[in-house]
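A short write-up of the structure that comes next.
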Amino acid sequence: TAASIVTCLSAHLGHEYLSEYREEKTGYTLLHRAAQEASLSSFRRVLSSFNVPPNVRGTLDGKTALHVAISPEVDRGSTEMTLVVKMLLRYGVDCELRETMHGDTALLHAVRVFTDGEAWGCKVEEVSSSVRSGQPHGMLVSLLDHGADREVVSLVDGSTALDLVKKISNERIRRRVWKVLTEYESMKEYQRKKRGGSTVEGSEEGNEGSGSGAKPTRVSPRKNKKRR
């Protein structure tokens, strides 16, 4: 695990060697292993303490730490997986770099995760419970917030993200992923307006999530106080 690597290398080679660590077989860095295996606290420690280059790719599969974090074998809860993705993006991992198995960017890779393992050559029951539970929203939105290209095409099979969505057999997950990819801008606009204030239940403006619909709910209590 990442924690054991840190302990072992720090003891034998010194703390400074950790930023240059590469696994002999895979070419993975400490950042790859932390993204795949570490607890959230250990992952944060790797990000903050060891200055690991963010965009090193595995020698066998071309994966960045971002690809590894979204792999179907990683059994994190959906909230924690989304947090790891956000932290890697802030750390500087390029979401447009491609792995070599399918020629996928991180977004294509993320959508492919939800195709029940078919594209990975593994059985459905071997895919982690966090993926099978179907909570793609936060992870995909985080990638789109960071500018991930929805029009990009896989270099190996020519699939777009929407092509891959059609291969998701779970209808609920398929609908959610499709909605994120096709309605991202309107979803963000709705959220922006909603943050402008509370909506008025039952009003036309409130149903649209308009920030202006929130004003009566703030003004009304002050008027009531004057009547008293």
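Scope of the values below: all heavy atoms of this structure, side chains included, with no hydrogens, waters or symmetry mates.
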Connected via hydrophobic side-chain network under 4.5 Å: Met101 and Val56: no

Donor-acceptor contact present, side-chain Glu171 to main-chain Arg174, <3.5 Å: no

Straight-line distance of Leu107 CG to Ser142 OG, nearest 0.5 Å: 11.5 Å

In one Ile/Leu/Val/Met/Phe/Trp/Tyr side-chain cluster, 4.5 Å: Leu60, Leu31: no

Glu23 side chain to Thr26 side chain, donor-acceptor N/O pair below 3.5 angstrom: yes

Derivation and outcome, side-chain contact (heavy atoms from CB on, under 4.5 Å), residues Leu143 and Thr105: CA-CA 10 Å; Leu143 290 168; Thr105 63; over 6 Å; no

Closest heavy-atom pair and its distance - Gly158, Asp163: O-OD2, 4.1 Å

Hphob cluster co-occupancy, Val84 + Val68, side-chain heavy atoms under 4.5 angstrom: no

Candidate pair Val177 and Leu140, rule side-chain contact (heavy atoms from CB on, under 4.5 Å), full reasoning: CA-CA 8 Å; Val177 176; Leu140 295 177; 3.8 Å; yes

Cys95 and Leu89, any side-chain heavy atoms less than 4.5 Å apart: yes

Donor-acceptor under 3.5 Å (Arg98 side chain, Glu96 main chain): no

Intermediate values then yes/no, side-chain contact (heavy atoms from CB on, under 4.5 Å), His67 and Thr64: CA-CA 5 Å; His67 289 102; Thr64 66; 3.1 Å; yes

Main-chain N/O of Lys63 paired with His32 side-chain donor or acceptor, under 3.5 Å: yes

Derivation and outcome, side-chain contact (heavy atoms from CB on, under 4.5 Å), residues His102 and Leu155: CA-CA 6 Å; His102 294 98; Leu155 295 181; over 6 Å; no

Side chain proximity check, Thr160 to Val152, heavy atoms < 4.5 angstrom: no

Salt bridge present between Lys86 and Asp145 (N-O < 4.0 angstrom): no

No-hydrogen, no-angle side-chain donor-acceptor test under 3.5 Å, Ser154 and Asp104: yes

Heavy-atom closest pair, residues Leu88 and Ala35: CD1-CB, 4.2 Å

Residue pair Tyr21 / Thr29, side-chain heavy-atom distance below 4.5 Å: no

Atom pair CG (Leu164) and NZ (Lys166), whose distance is rounded to the nearest 0.5 Å: 10.5 Å

Value rounded to 0.5 Å, distance of CH2 in Trp178 from CZ in Arg175: 13.5 Å

Heavy-atom donor-acceptor pair, Thr100 side chain to Asp61 backbone, under 3.5 Å: yes

Nearest heavy atoms of Arg57 and Gly62, plus distance in Å: NE-O, 3.2 Å

Spatial distance of atom CG (Leu97) from atom NE2 (His109) [nearest 0.5 Å]: 13.0 Å

Polar contact flag, side-chain donor to acceptor under 3.5 angstrom, Asn55-Tyr91: no

Side chains of Arg112 and Asp157 in contact at under 4.5 Å (non-hydrogen atoms): yes

Donor-acceptor pair, side chain of Ser186 and main chain of Glu183, under 3.5 angstrom: yes

Validation row: Phe43, Met87 side chains within 4.5 angstrom (heavy atoms): yes

From Leu47 atom CG to Ser42 atom OG, the distance as rounded to the nearest 0.5 Å: 11.0 Å

Heavy-atom side-chain proximity of Leu83 to Leu40 below 4.5 angstrom: yes

Stepwise salt bridge (charged side-chain N to carboxylate O under 4.0 Å, His left out) test for Arg150 and Glu185: CA-CA 12 Å; Arg150 281 171 288 177; Glu185 284 81 8; 2.3 Å; yes

Minimum side-chain heavy-atom gap Ser159-Lys167 below 4.5 Å: yes

Test item: Lys179 and Tyr184 side chains (from C-beta on) under 4.5 Å apart, heavy atoms: no

Atom pair OG1/OH of Thr59 and Tyr28 - distance to nearest 0.5 Å: 8.5 Å

